[in-house]
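Since the structure comes first, as structure tokens, the remarks are kept for the end.
Just follow the structure's listing: the first ligand is 1, and inside any ligand the first atom is 1.
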Amino acid sequence: MNIRPWILVIFLTVTKSHSSRVLELSDKFIDISSEGLWFVKFYAPWCAHCRRLEPIWAHVAQNLNNSPIKVAKVDCTRFPAVATHFKVRAYPTIMFLKGSYQHEYSGERVKEDMVNYAIRMSEPAVQKISHADTLGNVKETHSIFFGFIGKTQGTLWEIFRLHAEKYQPHTWFFAMSQDVIKHDVKPPNETSVFVYKEGDIYFFNANKALIEDNETLNTTLDKWINSERFGFFPKISRANINDLMDTEKYIVIAVLSENKLSEITQTEQDFKDMIEGVIKSKRHDLHHHFQFGWMGSPELANSIAMSELTVPHLLVLNSTTSHHHIPDDDPVLMTPKDVLFFLEQIRYEMAPTYGGNSLFVRIYRGFFEARTTLANMWHGNPVLTSLVFGLPLGFLSLLCYSVCCADILDADEEEDEERGNNTVLIFKYNKIIFLIIDVYSSTILLSFIINLME
Ligand SMILES: *[C@@H]1O[C@H](CO)[C@@H](O)[C@H](O)[C@H]1NC(C)=O
Ligand SMILES: *[C@@H]1O[C@H](CO)[C@@H](O)[C@H](O)[C@H]1NC(C)=O
Ligand SMILES: *[C@@H]1O[C@H](CO)[C@@H](O)[C@H](O)[C@H]1NC(C)=O
Ligand SMILES: *[C@@H]1O[C@H](CO)[C@@H](O)[C@H](O)[C@H]1NC(C)=O
Ligand SMILES: CC(=O)N[C@H]1CO[C@H](CO)[C@@H](O)[C@@H]1O
């Protein structure tokens, strides 16, 4: 057993890639993965998303350099046994490993989020706060966290602790005595649970009947944590929309269109600020029923609304029925008052309702997405698109193409998105092009595989 760290050290120093703090792992990782804290990227060299992640991953490693967390990567095409061992299904997959515990990261692939996630995962699920000063610091550095006040015993504590473990990948949990927080707020009960959100504290309503019924308390607290763990105005993407749909609130979305540099037009910025202003100024009235947020690309919103929305736009989703609402007026001309009126109408079920999740709507949405995908592909590469869909004639021409102008195969065509229901997967592996369009796995599955071997 004493020998192991030595093996680790030798093995790591040999393979540590130059100029980067990211450790390059091999098959041997399977044996040592349960020692220490690991933040690992499983990748394949051909995958475009992996390449995009590469510089960000290097920054993550740099940021975590002084922590006990080892940031690493595994080339799964060279070491498929590692991919199999960790049940990697898509590239890139990012995992946090702590002993036998594994968790797959599902958030945005941006440096800050990934670093916060890794640090949080490396610590105990519930951290104790024993000084009011510490609480002050936590409030400054965390815009959202959950807190437990009182003696760490009893049913409420046990269930809080269980949920802290469950939600650790997503948010922070702290425990403190009444003394620590008495300057900020007067806790309603001997033991209480609260959420701190951007300066405000909201208590979980644990009445007597609830405390005595473990099972109901368990499910109620679970629902409450899940619906309160988002900020007032988060960015909404495919990575978090399913979690937001579990909040059982109305999701109010400002639909914007960022360019490649994450910039938006002044009109869009004004609209975004206006919508954010609505929730920030009316948070006490609204946050119970409405979860606000914004989208940086209309693509997901279009697929929900099944039409090409102009940007900026306002889209409201009913998270229990998946129906959606859009305002009749031009969203750009809306004032905060109009927005509030619109939301009130929705809340009292007086606004027109569209979409939903019936079979018909799902099929229609499938066709809409297929059409959009094809349009985008056509836009991106008309030649390849017509080749693919002009089968079998296309097959021949593709052969000709590969012979005459091989570089079409090297064009920046790869795209892989293996998450979510509407999967479009185009990738190239050696001389084989796979193009799989999986539109709503449950309803339609079109898949084309062109196998082109020399
Ligand atoms: C509720 O949980 C506590 C500990 O978590 C346990 O002592 C108690 O017996 C449980 N009560 C019921 C009704 O299951
Ligand atoms: C505090 O306890 C009382 C009685 O047990 C209960 O009615 C009330 O809802 C509790 N408040 C909170 C915020 O848990
Ligand atoms: C509480 O709920 C979680 C799911 O949120 C479940 O895994 C766990 O078994 C439940 N515990 C009890 C004591 O009912
Ligand atoms: C969604 O729609 C259903 C049925 O119209 C309604 O009962 C529910 O309150 C609505 N709101 C949310 C947030 O689910
Ligand atoms: C229709 C369909 O395939 N729905 C699935 C969408 O994805 C979520 C999780 O990613 C599944 O739970 C749904 O069944």
| message | Tell me whether Tyr250 has any N or O atom under 3.5 angstrom from an N or O of ligand 4. | response | yes

| request: Please determine which of Phe204, Trp172, Phe160 meets the ring-ring contact (aromatic ring centres under 6.0 Å, His included) test together with Phe148. | output: Phe160

| For the ring-ring contact (aromatic ring centres under 6.0 Å, His included) test, which of Tyr202, Phe173, Phe145 pairs with Tyr196? | Phe145

For [X], counting its heavy atoms only, list the atoms of ligand 4 lying under 4.0 Å from any of them.
{"X": "Glu248", "answer": "13 (C)"}
{"X": "Asn318", "answer": "1 (C), 2 (O), 3 (C), 8 (C), 10 (C), 11 (N), 12 (C), 14 (O)"}
{"X": "Thr320", "answer": "1 (C), 12 (C), 14 (O)"}
{"X": "Lys249", "answer": "13 (C)"}

| field | Protein non-hydrogen atom below 4.0 angstrom of atom 7 (O) of ligand 3 present | value | no

| message | For Lys73 and Glu54: C-alpha separation, side-chain torsions, deciding distance, then whether salt bridge (charged side-chain N to carboxylate O under 4.0 Å, His left out) applies. | response | CA-CA 10 Å; Lys73 61 179 178 180; Glu54 182 96 39; 2.9 Å; yes

| said: Can you tell me how the ring of Tyr91 sits relative to the ring of Trp46, calling it parallel under 30°, perpendicular over 60° and tilted otherwise? | reply: perpendicular

Which of the numbered atoms in ligand 3 are under 4.0 angstrom from any heavy atom belonging to [X]?
{"X": "Asn218", "result": "1 (C), 2 (O), 3 (C), 8 (C), 10 (C), 11 (N), 12 (C), 14 (O)"}
{"X": "His163", "result": "5 (O)"}
{"X": "Asp222", "result": "5 (O)"}

| Quick one: does ligand 4 sit under 4.0 Å from the side chain of His289, the backbone, both or neither, non-hydrogen atoms only? | neither

| said: I need the nearest protein heavy-atom contact for atom 4 (C) of ligand 4: residue, atom name and distance, please. | reply: Thr321 CG2, 3.9 Å

| said: Given 3.5 Å as the limit, does a donor-acceptor pair link the side chain of His142 with the main chain of Lys139, or not? | reply: no

| field | Under 3.5 Å donor-acceptor, Ser319 side chain and Lys249 backbone | value | yes

| Can an N or O of Glu215 be found at a distance shorter than 3.5 Å from an N or O of ligand 3? | no

